[in-house]
There are 2 protein chains.
Amino acid sequence: MNSQHFSTKERILGAAEQLFARLGFAGASLRQVTAAANVNLAAVNYHFGSKENLINEVFRRRLDELNAHRLQALDEALKKPESGLEHLLGAFIQPALDLSQDRGGGGAFVRVLARAYAEHNDALRKFLSDNYGHVMKRFHAAFAQRLPDLDKEELYWRLDIVAGALTYAMADFGVIKRKTGVTEQQHRERAAEHLIRFAAAGLRAP
Amino acid sequence: MNSQHFSTKERILGAAEQLFARLGFAGASLRQVTAAANVNLAAVNYHFGSKENLINEVFRRRLDELNAHRLQALDEALKKPESGLEHLLGAFIQPALDLSQDRGGGGAFVRVLARAYAEHNDALRKFLSDNYGHVMKRFHAAFAQRLPDLDKEELYWRLDIVAGALTYAMADFGVIKRKTGVTEQQHRERAAEHLIRFAAAGLRAP
DNA sequence: TCCTAGGTAAAACGAGCGTTTGAATGCTAC
DNA sequence: GTAGCATTCAAACGCTCGTTTTACCTAGGA
């Protein structure tokens with residue numbers, strides 16, 4: 001069992017991620033979370049202070065690593081001067097794809113992310129903006145450089161559409177049923193290709 | 001006040017829509033809803049039977065009309081044989097745009113729709129599929145006819161991406177701050193143009 | 001060995017939840 | 001007028017919520 005190998009904090013974070021993905025932040029109770037994590041109810045408030053803080057930490061645990069990978073992939077893409085939109089989109093999507101495939105419930109996290117997108121929760125938005133806004137700024141600048149003919153407002157619009165499409169599509173990976181004989185991993189990689197092709201064409205639209 | 005002109009049922013539906021958009025289905029309580037609607041708490045269970053049923057009725061009230069308009073617009077688009085992807089996309093988007101602009105809180109409803117999209121609530125999905133699945137089927141067929149070179153799987157993927165992008169973008173209309181001197185209506189119409197252009201390019205991607 | 005600090009445990013707190021009840025209303029038809 | 005029905009109302013139901021309290025356990029340093 002998880003109980004043996006992971007600390008109480010880690011088990012709470014893992015269980016919270018799963019339940020937030022399935023039931024939402026308001027819909028999942030701390031009693032459900034602590035029962036799934038096999039820890040005492042009071043452990044959440046002891047280790048995290050409050051439910052809202054737990055929610056933030058669920059994001060921080062994944063996003064620190066995810067956004068580091070994204071920036072790293074962006075840097076590599078920018079080194080090669082011949083790299084096009086597809087490479088920038090890949091630098092954004094591929095780390096999320098890797099995360100969603102890894103052991104330990106990364107797949108649940110992308111669904112949590114989609115929920116956060118749909119929620120217009122101000123506290124959560126501020127937390128995300130404060131901690132990860134700089135990543136979006138860097139991608140925005142990179143796209144602006146590759147799409148010099150697009151005026152700022154148009155680029156803003158299109159990137160917003162792209163972000164929404166990506167977030168939704170990532171969260172829905174499990175829903176579009178894959179053909180038999182296609183592994184989960186092949187399915188996800190194919191999804192990423194489709195996403196990138198679609199988004200690149202949309203960004204290049206006249 | 002609303003209290004004068006609308007029935008108890010209508011006031012409950014309106015208040016529920018607003019609060020579901022802001023707080024989510026689990027996050028908004030019947031006490032908040034009935035207080036905002038200026039009706040007695042028990043009125044919800046009297047008129048709707050349960051909270052879950054109220055949620056369904058919030059959808060039905062808007063979607064009956066919205067999807068009727070969409071099918072009507074689709075029929076008109078299909079009459080003109082020279083109509084392209086943009087017209088089909090317009091038939092899908094414009095009615096939603098009109099709804100989001102109307103008096104009486106249609107703007108809140110598109111955000112409720114985005115929440116429903118992010119929720120993978122099985123009961124809600126079944127309700128939507130049962131009641132409005134035929135609309136999506138008709139649009140799917142229309143797109144398939146205009147994109148004969150795309151194989152079925154690829155079209156499936158792309159329409160899924162389009163639906164996600166549209167849903168999120170519609171819900172986010174209020175978030176992208178508009179330039180000064182641009183009316184709310186102009187802002188939304190411009191948004192629809194951007195969406196259609198982006199989606200059409202994405203669908204046509206090689 | 002005792003002490004201490006960090007962690008866990010069970011139990012309870014008050015508040016709010018969805019739902020139900022039963023009496024009080026208002027309205028329509030006779 | 002009054003009977004009958006639909007609606008509204010205040011109150012309460014049992015339950016679950018996030019949080020707090022208090023006691024207990026168990027290393028590790030003095």
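In what follows, chains are A, B, ... by sequence order, proteins preceding strands, each numbered from 1. Small disclaimer: the values here were computed from a predicted structure and weren't measured. Basis for what follows: all heavy atoms, side chains included, without hydrogens, waters or symmetry-related copies.
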Nearest to the side chain of [X] - [options]?
X     : options                : value
A:L30 : D:dT19, D:dA10, C:dT19 : D:dT19
A:Q32 : C:dT21, C:dA10, D:dC17 : D:dC17
A:T8  : D:dT20, D:dA10, C:dT8  : C:dT8
A:Y46 : C:dG18, D:dT19, C:dG6  : C:dG6
A:R31 : C:dA12, C:dT19, C:dC17 : C:dA12
B:K51 : C:dG7, C:dT19, C:dA12  : C:dT19

When the distance from [atom1] of [X] to [atom2] of [N] is rounded to whole Å, what number comes out?
X     : N      : atom1 : atom2 : value
A:F25 : D:dC17 : CZ    : P     : 17 Å
B:L54 : C:dT19 : CG    : C1'   : 14 Å
B:F48 : D:dT7  : CZ    : P     : 12 Å
B:L41 : C:dT19 : CG    : C1'   : 8 Å
A:N38 : C:dG7  : CG    : C1'   : 16 Å
A:K9  : C:dT8  : NZ    : C1'   : 15 Å

What does A:A43 touch in the nucleic acid at a heavy-atom separation under 4.0 angstrom: a base, only the sugar-phosphate, or nothing?
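If one applies the 4.0 Å heavy-atom cut-off, A:A43 turns out to touch nothing in the nucleic acid.
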
Considering only heavy atoms from C-beta outward, does the side chain of A:R197 approach that of A:E86 to under 4.5 Å?
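No, their side chains stay 4.5 Å or more apart.
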
A side-chain contact here means heavy atoms from C-beta on lying under 4.5 Å apart; do B:I12 and B:T8 qualify?
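The answer is yes; the side chains approach within 4.5 Å.
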
Please state whether the phosphate of [N], meaning OP1 or OP2, lies under 4.0 angstrom from any side-chain nitrogen or oxygen of [X].
X     : N      : result
B:N40 : D:dT7  : no
B:H47 : D:dA6  : no
A:S29 : D:dT16 : no

Distance-only donor-acceptor check, side chains A:D64 and A:Y132, under 3.5 Å:
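Short answer, yes.
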
In terms of the angle between their ring planes, are A:F25 and A:F59 parallel, tilted or perpendicular, with boundaries placed at 30° and 60°?
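If you compare the ring of A:F25 with that of A:F59, the planes turn out tilted.
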
Is the positively charged end of B:R158 above the ring of A:F198, judged by distance under 6.0 angstrom from the centroid and angle within 45° of the axis?
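The answer is no, since B:R158 fails at least one limit relative to A:F198.
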
